[in-house]
Amino acid sequence: MQYWLMKSEPDDVSIDDLMASPNHTTAWYGVRNYQARNFMRDQMQPGDGVLFYHSSCPQPGIAGLAVIASGPYPDASQFDPNSHYHDPKATQEQPRWISIDVQGTQKTRLLPLAEMRSIAALEDMLVLQKGSRLSITPVTPAQWKAIVTLLA
DNA sequence: GCCAACGTTGGC
DNA sequence: GCCAACGTTGGC
């Protein structure tokens, strides 16, 4: 059992979009970074906890909680020539990119990035480090507990 | 729009 | 394998 933070642009998929999806579940598509892909492929397990983070928006921060709801499978958007995420080097036989299902469990109050930075227990969070851009980062049990307690 | 930081590409 | 150039991310 591990914990993760996953960034989503709310203009694309917001916490409200996630909670409005069938069974509160959606495919996490469009990851085009090998490190993030490898987390999905090699480490994420159904039942892992997810902090759902809104990025590239007026109020960046944690907007809800979710769980991993499937194992890895090929990201369909890599095969779609009309998709922004199309990858001409990917084939059905040898896909490069991975999706995983994410199920929302709770929309929380927004925990803004600035507030996260003010919490001592979170100072080592990867997403708060200078230059951090990874869209998927591991979260420690202590960090998870601090955030869930704060948002309860 | 700016800019720092990081990742990828491709010539050599 | 090096590294410059370019593209992307994402907060501000």
Side-chain angles (χ1 to χ4, degrees), chain A residues 2-21 26-44 48-68 70 72-140 142-151:
Chain A
Q2 291 183 265
Y3 301 102
W4 307 93
L5 181 144
M6 300 178 81
K7 295 180 187 172
S8 184
E9 299 188 14
D11 283 351
D12 188 7
V13 181
S14 70
I15 185 68
D16 289 330
D17 295 329
L18 178 63
M19 298 310 285
S21 300
T26 193
W28 205 269
Y29 64 94
V31 170
R32 294 294 181 268
N33 170 282
Y34 290 104
Q35 206 176 340
R37 180 202 68 181
N38 293 348
F39 282 141
M40 291 195 288
R41 188 188 62 191
D42 304 333
Q43 293 196 41
M44 292 174 122
D48 282 2
V50 173
L51 302 170
F52 190 97
Y53 180 92
H54 282 175
S55 70
S56 295
C57 59
Q59 287 209 293
I62 292 168
L65 304 177
V67 292
I68 299 301
S70 80
Y73 56 91
D75 178 342
S77 67
Q78 70 191 305
F79 308 124
D80 179 358
N82 297 317
S83 170
H84 174 64
Y85 296 110
H86 179 238
D87 183 345
K89 293 181 183 166
T91 64
Q92 296 282 347
E93 293 74 26
Q94 293 210 311
R96 297 174 103 183
W97 306 111
I98 292 292
S99 277
I100 206 165
D101 288 347
V102 174
Q103 179 176 38
T105 50
Q106 185 186 354
K107 178 182 178 178
T108 64
R109 77 165 173 92
L110 187 81
L111 175 59
L113 180 59
E115 184 176 347
M116 294 171 68
R117 293 193 190 284
S118 76
I119 298 168
L122 303 183
E123 67 178 348
D124 292 332
M125 275 193 85
L126 292 173
V127 75
L128 302 184
Q129 305 311 303
K130 187 181 172 86
S132 166
R133 300 189 316 181
L134 256 190
S135 62
I136 300 175
T137 48
V139 172
T140 68
Q143 292 161 356
W144 173 270
K145 186 176 179 188
I147 289 169
V148 168
T149 302
L150 192 65
L151 293 176

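Since we're looking at a predicted model, the values are computed, not measured. Order of the sequence lines fixes the chain letters, A, B, ..., with proteins taken first and strands second; residue numbering starts at 1 for each chain.
Not a single donor-acceptor pair under 3.5 Å links the side chain of H84(A) to the backbone N or O of G30(A). Using a distance-only test at 3.5 Å, with no hydrogens or angles considered, a donor-acceptor pair links the side chain of K7(A) to the main chain of L134(A). Between the side chain of Q78(A) and the backbone N or O of R96(A) there is at least one donor-acceptor pair closer than 3.5 Å. At distances below 3.5 Å, at least one donor-acceptor pair connects side-chain atoms of Q129(A) with backbone N or O atoms of M125(A).
A heavy-atom distance below 4.5 Å is not found between the side chains of Y29(A) and S83(A). Between V139(A) and M6(A) the shortest side-chain heavy-atom distance does not fall below 4.5 Å. Between W28(A) and S8(A), the closest side-chain pair of non-hydrogen atoms falls below 4.5 Å.
The distance between atom CD of Q35(A) and atom C1' of dT8(C), rounded to the nearest whole Å, is 15 Å. The nearest whole Å value for the distance from the NZ atom in K89(A) to the C1' atom in dT9(B) is 8 Å. Atom C1' of nucleotide dT9(B) and atom CZ of R32(A) are separated by 18 Å, given to the nearest angstrom. Between H54(A) atom NE2 and dC12(C) atom C1' there is a gap of 19 Å when expressed in whole angstrom units. In this structure, the CZ atom of R117(A) is 11 Å from the C1' atom of dG10(C), given to the nearest Å. As rounded to whole Å, 18 Å separates atom P of dG10(C) from atom CD of Q59(A).
A heavy atom lying under 4.0 Å from DNA chain B marks the following residues of residues 124-135 of chain A, by number: K130(A), G131(A), R133(A).
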Polar atoms only, N or O, under 3.5 Å: list the protein pairs with nucleotides 4-6 of chain C and their distances.
none

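When all heavy atoms of I98(A) and R41(A) are compared, the closest pair comes out as CG1-CB, 4.3 Å.
Of the side-chain N and O atoms in Y53(A), one or more sit less than 4.0 angstrom from OP1 or OP2 of dG11(C).
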